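These notes concern the structure reproduced below.
Since the structure is predicted, the reported quantities are computational estimates derived from the model, not experimental observations. So that the names make sense, note that chain A is the first sequence line, chain B the second, and so on, each numbered from 1.
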Protein chains: 2
Amino acid sequence: MSKIKIAIVDDHQLFRDGLAGLLLKHEYFELLASLPDGESLLQFLEERESPDIILLDLTMPGLGGFEVLKRLKKHYKKIRSIVISMHEDGNYIVKCAKAGAYGYLLKNADEDELLTAIHKVYRGERYYNDDISARMFQNLSLQQSIPEKLTKREIEVLHHLAEGLTTKEMAEKMFISTRTIETHRANMLKKLDVKNTAELIKRATQLHLLS
Amino acid sequence: MSKIKIAIVDDHQLFRDGLAGLLLKHEYFELLASLPDGESLLQFLEERESPDIILLDLTMPGLGGFEVLKRLKKHYKKIRSIVISMHEDGNYIVKCAKAGAYGYLLKNADEDELLTAIHKVYRGERYYNDDISARMFQNLSLQQSIPEKLTKREIEVLHHLAEGLTTKEMAEKMFISTRTIETHRANMLKKLDVKNTAELIKRATQLHLLS
DNA sequence: TTTTTTATCCGTATAAATACGGAGTAGCGT
DNA sequence: ACGCTACTCCGTATTTATACGGATAAAAAA
């Protein structure tokens, strides 16, 4: 029975070493490469043999994890990636799934979970544990609740709102009529399906519109 | 010259192994123990020799990192802890510093940074990199802006506010007068030093009062 | 070129929030 | 026992937000 060929891509050596140490303990894995960034991976893939699975960090200097996922999806369809990331936010998880990731683990996943994920993905299945799935669904549910995006001006008003400005103060600051501000506010309430400004600010925070 | 005696405490074996592998590469470190939780550490300290430095995770089942820090501060004054955590939030960093941590690293710290931290802390200095320090100061700055805590009732009103309820609706839901709600709202505006409800919700979110 | 979207502004009206002041009572801390 | 805090509720007033409807013009998309 052939070994599962794996490559690790993570800019933190500490973490790569830990992963490598674990993988080397199991004889049905073959560690092809342990690489510090996306560029190294792409170069490796051009010159050497392809792994079955890539264990991929997201936040790396230069070519980031998302970009790597997209390139793999486009040019190396047979390679399946499992993202191993610090980010728990549903945004990241959804973005990874869309970019072609076969699985998503947090960096605090334990050995059993990692092994399970690798085997499932190797078989062509997806791996997302219950917690990760819940975050993904919660994020998708949040995104679904926005039928429409906010416009540039609305975003600007939103930021001023969050700073505590009144409609009158915003109008003065933006050199437009209070009525215009009123319209922008009303439109945002409708778009984000909220009752008032308090709920608007909360929803906007959840949707990362106030960063 | 004696070796620096180190213990690792982290519930994730992957991470412990990575750390251990790195430490064993350097001959001026002596790895006394690699332990999965706080209870194991305390037991180890009772029966075996004390390390100079503990590399300590925060989020562990059973006895958590904060509790461990406090116990160490109280009973093992000579042992210095460096927290190594996933949490980037200033709240955690400040809480660790207060609980007695000598240093704080994120789990994505690289080898050089880890070594620097260990050496500095071994000399009795603190180790917080620029980014960690900035988050700490930002958090302290936020906390300083609250001269007073919110009361139980105020928190309850705050949550309802964030759900979009009006003063009238909250009064009905909480079986109290609208005037009472008005007083709670006014008090919160004063306590958190904000101008209106929009800014209140934003500030409350920053202060993690709406989790 | 046409249609849609975005940004602008209006009249009129009601609801809600904020602000100034005040007060009584129960529970908690010293 | 006393003082303080938290919670309760009030009168009066102004400011602000929200809601219903409407409109024009420029820019972008189809």
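- Within a 6.0 Å sphere centred on CZ of A/Phe66, other residues, nucleotides and ligands contribute more than 12 heavy atoms.
- Between A/Phe29 and A/His119, a ring centre-to-centre spacing shorter than 6.0 Å is recorded.
- B/Thr183 contributes no side-chain N or O that forms a donor-acceptor pair with the base of D/dC7 under 3.5 Å.
- One can place CD1 of A/Ile181 at 9 Å from P of C/dC9, the figure rounded to the nearest angstrom.
- The environment of OH in A/Tyr92 is sparse: at most 12 heavy-atom neighbours from other residues, nucleotides or ligands sit within 6.0 Å.
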Provide a list of protein-nucleic acid N or O atom pairs under 3.5 angstrom, restricted to nucleotides 16-18 of chain C.
{"residue": "C/dA17", "atom": "OP1", "partner": "B/Arg185", "partner atom": "NH1", "Å": "2.8"}
{"residue": "C/dA17", "atom": "OP2", "partner": "B/Thr167", "partner atom": "N", "Å": "2.9"}
{"residue": "C/dA17", "atom": "OP2", "partner": "B/Thr167", "partner atom": "OG1", "Å": "2.8"}
{"residue": "C/dA17", "atom": "OP2", "partner": "B/Arg185", "partner atom": "NH1", "Å": "3.4"}
{"residue": "C/dT18", "atom": "OP1", "partner": "B/Thr197", "partner atom": "N", "Å": "2.8"}
{"residue": "C/dT18", "atom": "OP1", "partner": "B/Thr197", "partner atom": "OG1", "Å": "2.9"}
{"residue": "C/dT18", "atom": "OP2", "partner": "B/Arg185", "partner atom": "NE", "Å": "3.4"}
{"residue": "C/dT18", "atom": "OP2", "partner": "B/Arg185", "partner atom": "NH2", "Å": "3.2"}
{"residue": "C/dT18", "atom": "OP2", "partner": "B/Thr197", "partner atom": "OG1", "Å": "3.1"}

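- Over its length, the helix from C/dT1-D/dA30 to C/dT30-D/dA1 turns its helix axis by 70°, as judged from the five terminal pairs at each end, rounded to 10°.
- With sequence neighbours excluded, the residues forming a side-chain contact (heavy atoms from CB on, under 4.5 Å) with A/Arg135 are A/Glu88, A/Ile93, A/Asp131, listed by chain and number.
- The base of D/dT12 is paired with the side chain of B/Arg179 by a donor and an acceptor separated by under 3.5 Å.
- Residue A/Phe175 contributes atom CZ, which lies 18 Å from atom C1' of C/dC9 at whole-angstrom precision.
- For D/dA6, the OP1/OP2 oxygens have no side-chain nitrogen or oxygen of B/Thr151 closer than 4.0 Å.
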Review item, nucleotides 25-28 of chain C N/O atoms under 3.5 Å of protein N/O:
none

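- Taking the charged nitrogens against the carboxylate oxygens, B/Glu156 and B/Lys152 have no contact shorter than 4.0 Å, which rules out a salt bridge.
- Contact between the side-chain N/O atoms of A/His184 and the OP1/OP2 oxygens of C/dT8 is found at a separation under 4.0 Å.
- With sequence neighbours left out, the salt bridge (charged side-chain N to carboxylate O under 4.0 Å, His left out) criterion links A/Lys202 to B/Glu163.
- Residue B/Arg153 is classed as a sugar-phosphate contact, given heavy-atom separations below 4.0 Å to backbone atoms only.
- Annotation: cation-pi pair B/Lys107/B/Phe15 present, NZ/CZ under 6.0 Å from the ring centroid and within 45° of its normal.
- One can place CE of A/Met174 at 11 Å from C1' of C/dT8, the figure rounded to the nearest angstrom.
- Going from atom CD of B/Glu172 over to atom C1' of C/dA15 covers 14 Å, rounded to whole Å.
- Between A/Glu67 and A/Arg71 there is a salt bridge, with a side-chain nitrogen of the basic residue lying less than 4.0 Å from a carboxylate oxygen of the acidic one.
- Salt-bridge annotation for B/Glu182 and B/Arg179: present, with a side-chain N of the basic residue lying under 4.0 Å from a carboxylate O of the acidic one.
- Shown here are the salt bridge (charged side-chain N to carboxylate O under 4.0 Å, His left out) partners of B/Arg126, two or more places apart in sequence or in another chain: there are none.
- Within a 6.0 Å radius of NZ in A/Lys70, no more than 12 heavy atoms belonging to other residues, nucleotides or ligands are found.
- Between A/Lys152 atom NZ and D/dA28 atom C1' there is a gap of 13 Å when expressed in whole angstrom units.
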